[in-house]
Amino acid sequence: MSNVDKRNRLDEEPFTYQISKNQMVFILYKGKEIKSVKGKEAEKLISRLQQAETAKDLQLVLAKATGHFKHGNEKTGK
């Protein structure tokens, strides 16, 4: 696991999620919604979230679900 998060970004726990009544999963990054998942993909994601043992495992599952969301080379506005 230590090889996956080399810069320890997941220790800050930036990802959160919400599950709606109709089994849609909303993934939030620092309070902003970045992805919504529904259908079979949501069912798989919910089962992976329930299997996560630690907070870091949960963050890793959410980060992988977002795909290539942030790479670290984004420019910030002035």
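All of these numbers come straight from a predicted model, not from anything done at the bench.
The minimum heavy-atom distance between K35 and T66, with the atom names listed, is CD-CA, 4.1 Å.
Residues E33 and I27 fail the side-chain proximity criterion, which asks for heavy atoms closer than 4.5 Å. Between P14 and Q59, some side-chain heavy-atom pair lies under the 4.5 Å cut-off. Between Y17 and L62 there is a side-chain heavy-atom pair separated by less than 4.5 Å.
Exactly one of L10, V61, L58, L60 qualifies for a side-chain contact (heavy atoms from CB on, under 4.5 Å) with F15. That residue is L10.
The side chain to side chain contact (heavy atoms under 4.5 Å, CB included) test applied to S20 returns N22, M24, F26, not counting sequence neighbours.
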* Please walk me through it: do V25 and Q18 pass side-chain contact (heavy atoms from CB on, under 4.5 Å)? -> CA-CA 6 Å; V25 180; Q18 298 173 345; over 6 Å; no
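Listed by first then second residue, pairs satisfying salt bridge (charged side-chain N to carboxylate O under 4.0 Å, His left out) with a partner in residues 12-32 number zero, not counting sequence neighbours.
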Taking only distance into account, with no hydrogens and no angle test, what donor-acceptor pairs under 3.5 Å do side-chain atoms of residues 37-53 form with protein atoms, sequence neighbours excluded?
residue: S47; atom: OG; partner: K44; partner atom: O; Å: 2.8

